[in-house]
Amino acid sequence: MKSSLIKAVFLGLILSAHSIDAQVQTVDNSKKMEWFSNAKLGIFIHWGIYSVNGISESWSFFNNYINHENYMKQLNGFSASKYQPEQWVNLIKESGAKYAIITTKHHDGVSLWNSGAERATTIPQNSLAKKDVLSPFVSALKKSGLKTGLYFSLPDWSHPYYDINTRTKKRYELKNDPKRWQNFISYYQGQLNELSTLYSPDLLWFDGDWEHTSEEWEAAQTLDLLKKYNSNIIINSRLNQHGDYDTPEQGIPVIPPQNPYWELCYTMNDSWGYQPFDKNYKTSNMIVRTLADVISMGGNLLLDIGPRSDGTIPEEQIEILKNLGRWTSKNQHAIYETTRGIPFENYKGKSSLSTSKKSLFLYLEEAKNLTKIYGVPTKPLSVKIIGDPSAVVRMDYNAEKTLTLNFSKVKFDKDVTVAELTFETPSAFLNDFKKEKHSLPEILESKNTQEAVYDIANALNYDQNLVTHEGLTQDGLDMKIKKTSKTNPETIEWISKHAEALFETGKGLPAGHYPGMSALSKDRQTLYLFVEGVPTGSIALKGIKNEIARIRVVGEGTILPHTIYNKLYWSDRPGIIYIDVPKEKLDKQMTVIALLLNKPLELYRENVGAIENNL
């Protein structure tokens with residue numbers, strides 16, 4: 001008994017010490033991660049011999065789309081003849097990015113720098129360029145004041161010491177040739193020594209860790225090695241359980257990752273490296289709105305470019321970066337040094353908070369007259385539109401702690417307009433607030449039709465259908481809704497026109513899928529989106545597993561096209577649905593879009609991780 005008691009006390013001391021140590025590490029980690037957390041935008045650069053033929057980086061031979069010998073012949077065409085690293089850096093800085101990450105070596109094993117590691121294949125020694133293309137870029141990056149990130153592939157599918165060669169071919173089994181594997185560990189760690197010594201990176205971006213366990217990679221030893229050069233080195237999540245931040249890939253998360261530090265790595269089209277026939281570029285508007293989405297969830301956007309083999313950057317990518325720069329330059333105050341925004345229950349849109357919590361930023365993706373924020377603890381000192389000192393925003397704050405903002409005298413940005421609400425003290429928005437409850441007669445008598453319609457849609461979003469049992473009919477004809485002399489005929493007209501979306505419909509989408517209000521049909525097979533004002537671009541919808549049979553404008557029947565980005569055919573992860581609504585089809589009060597699904601609604605709310613496959 002006494003022995004057990006001593007063991008228990010001893011164990012308690014160990015756990016207590018571990019807890020204290022964990023707290024210290026957390027504090028240290030938050031200090032180290034400060035610049036990364038504040039940065040919000042980084043640029044990813046995939047540049048290698050795969051740009052010669054414009055084929056998939058490394059995966060094209062791994063998947064046997066081209067044999068390894070012919071893939072490596074691209075070394076003879078990689079010239080970097082028009083490469084101007086200073087111009088790259090100027091463009092990156094103009095975009096508003098605070099850091100850049102370049103592929104020093106992809107899975108094909110070709111190193112951009114003059115690596116002295118055993119049997120390394122390098123651009124200076126083995127390509128047409130005959131020069132180190134990494135060093136001048138890093139030098140220009142450091143001179144600019146931007147942070148330096150280096151991508152490094154753990155696997156090397158070309159190196160004779162690595163076990164895996166292609167999807168269908170292995171060189172050896174680790175258990176049968178441990179010495180050969182140890183030679184590979186020495187090879188890749190030696191290259192990391194070189195990169196650390198030559199370039200003093202702020203961040204190392206690993207990839208490919210899924211091919212082996214943490215123990216097989218000797219990940220802990222690798223991390224210790226890197227910290228010898230820089231104790232504050234930041235590592236992404238792909239050093240097999242030894243990273244500082246998460247790296248969801250391609251799919252914009254519906255639910256923010258649990259890790260407070262994360263970064264969405266994202267392509268402009270469907271390709272990481274240069275592929276001349278991939279013209280499936282997202283619009284500049286989509287990219288700006290993606291950045292706003294990521295910021296509102298407390299993350300960073302790592303946006304990819306893929307230069308040509310001569311070192312020039314495709315014009316489409318330059319245009320996107322320049323438009324990003326236009327928006328980030330205008331809205332710096334609402335981008336950098338911000339934190340995750342307020343809950344969807346408080347505001348049906350994207351938002352972020354300043355680190356002091358005294359400013360709330362609303363990212364408006366449409367030109368509209370009003371919006372509402374619920375559970376606001378105190379009335380703001382002021383509301384302004386960033387970048388437009390002449391804009392006037394009127395606000396109304398009521399006893400239910402609901403704030404209504406009027407934007408009728410605002411000139412909206414072509415992509416995203418940012419409104420800043422300033423508070424006297426750090427604002428903690430209420431999560432247990434009393435929801436606005438308006439009776440239907442009260443709503444119908446409101447002279448502000450748009451606000452009346454907003455209140456009907458908002459109530460429906462929370463499963464409070466105000467009209468179904470008050471005389472509404474399925475087709476909006478012969479309605480028995482009670483009217484008085486004060487009833488607003490425009491509101492009645494809107495209800496009648498959109499009866500389909502209001503009759504026996506219920507609670508809409510949870511947070512993260514759509515930055516607005518929505519409703520579901522009784523059979524859950526038709527999704528209704530309430531579209532406020534005039535959207536600046538296509539309506540975006542995330543995390544819908546269903547196939548879409550048809551999309552149309554409610555009340556007048558126009559069939560609408562849609563496109564899907566970032567859908568991988570072999571993955572169950574849904575892509576992002578973009579819906580174009582012609583301006584002439586928008587309702588002046590609020591437009592409703594109906595999506596007919598192939599079966600009852602199914603949502604994807606899982607974590608978005610690394611892509612471990614590229615068939």
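It should be emphasised that the depicted structure is a prediction, and the values quoted were computed from it without experimental measurement. Just the heavy atoms: all of them, side chains too, but no hydrogens, waters or symmetry mates, feed the values below. Numbers for residues simply follow the sequence, beginning at 1.
The closest side-chain donor-acceptor pair between Thr402 and Glu400, if any, does not fall under 3.5 angstrom. A donor and an acceptor atom, one from each side chain of Tyr266 and Asn566, are located under 3.5 Å apart. Between the side chains of Ser359 and Glu420, at least one donor-acceptor pair of N or O atoms lies under 3.5 Å. For the residue pair Asp478/Thr473, the side-chain donor-acceptor check at 3.5 Å is not satisfied. Side-chain atoms of Lys414 and Asn323 include a donor-acceptor pair closer than 3.5 Å.
You'll find the side chain of Asp587 reaches within 4.5 Å of the side chain of His498, heavy atoms only. The closest side-chain heavy-atom distance from Phe530 to Asn461 is not below 4.5 Å. Using a 4.5 Å heavy-atom cutoff, the side chains of Pro441 and Thr484 are not in contact. A heavy-atom distance below 4.5 Å is not found between the side chains of Phe412 and Val534. In this structure the side chain of Trp327 reaches within 4.5 angstrom of the side chain of Leu291, judged on heavy atoms. The shortest side-chain heavy-atom distance between Glu263 and Ile101 falls under the 4.5 Å cut-off. By the 4.5 Å heavy-atom criterion applied to side chains, Asp415 and Arg326 are counted as neighbours. Using a 4.5 Å heavy-atom threshold, the side chains of Ser446 and Thr491 count as separate.
Taking both residues in full, the closest heavy atoms of Val581 and Leu586 are given as CG1-CD2, 3.6 Å, listed atom of the first, atom of the second, then distance. For the residue pair Cys265 and Thr247, the shortest heavy atom distance occurs at SG-O, 4.4 Å. The two residues Ala334 and Tyr363 have their closest heavy-atom pair at O-OH, 2.6 Å.
Atom-to-atom distance recorded for Asn369:CG and Gln589:CD is 9.5 Å, nearest 0.5 angstrom. Rounded to the nearest 0.5 angstrom, Tyr281 OH and Met286 CE are separated by 14.5 Å. Considering CD of Glu451 and CG of Leu370, their distance stands at 6.0 Å, rounded to 0.5 Å. Separation of atoms OG1 (Thr283) and CD (Glu319) is listed at 9.5 Å; rounding is to 0.5 Å. To the nearest 0.5 Å, atoms CZ (Phe503) and CG (Asp475) are separated by 9.0 Å. Atom NZ of residue Lys93 and atom NZ of residue Lys98 lie 7.5 Å apart, to the nearest 0.5 angstrom.
A donor-acceptor pair is defined here as one N or O able to donate and one able to accept, closer than 3.5 Å; such a pair exists between the side chain of Ser296 and the backbone of Asp293. Not one N or O on the side chain of Asn346 forms a donor-acceptor pair closer than 3.5 Å with the backbone of Val376. Between the side chain of Lys282 and the backbone N or O of Thr267, at least one donor-acceptor pair lies under 3.5 Å. No donor-acceptor pair closer than 3.5 Å links the side chain of Lys401 to the backbone N or O of Asn398.
Under the 4.0 Å criterion applied to side-chain N and carboxylate O atoms, Lys322 and Glu94 are assigned as salt-bridge partners. In summary, Glu606 and Lys545 engage in a salt bridge, as defined by a charged side-chain N under 4.0 Å from a carboxylate O. A salt bridge is absent between Lys411 and Asp388; no separation between the charged side-chain nitrogens and carboxylate oxygens falls under 4.0 Å.
Within the structure, salt bridge (Lys or Arg N to Asp or Glu O under 4.0 Å) contacts touching residues 338-352 (residues at least two apart or in different chains) are Lys350-Glu365. Residues in residues 525-534 take part in these salt bridge (Lys or Arg N to Asp or Glu O under 4.0 Å) pairs, two or more places apart or across chains: Lys368-Glu532.
Under a cutoff of 6.0 Å and an axis angle of 45°, Lys32 and Tyr261 do not form a cation-pi pair.
Every residue two or more places apart in sequence or in another chain that forms a ring pair (Phe, Tyr, Trp, His ring centres under 6.0 Å) with Phe36 is listed here: Tyr99, Tyr245.
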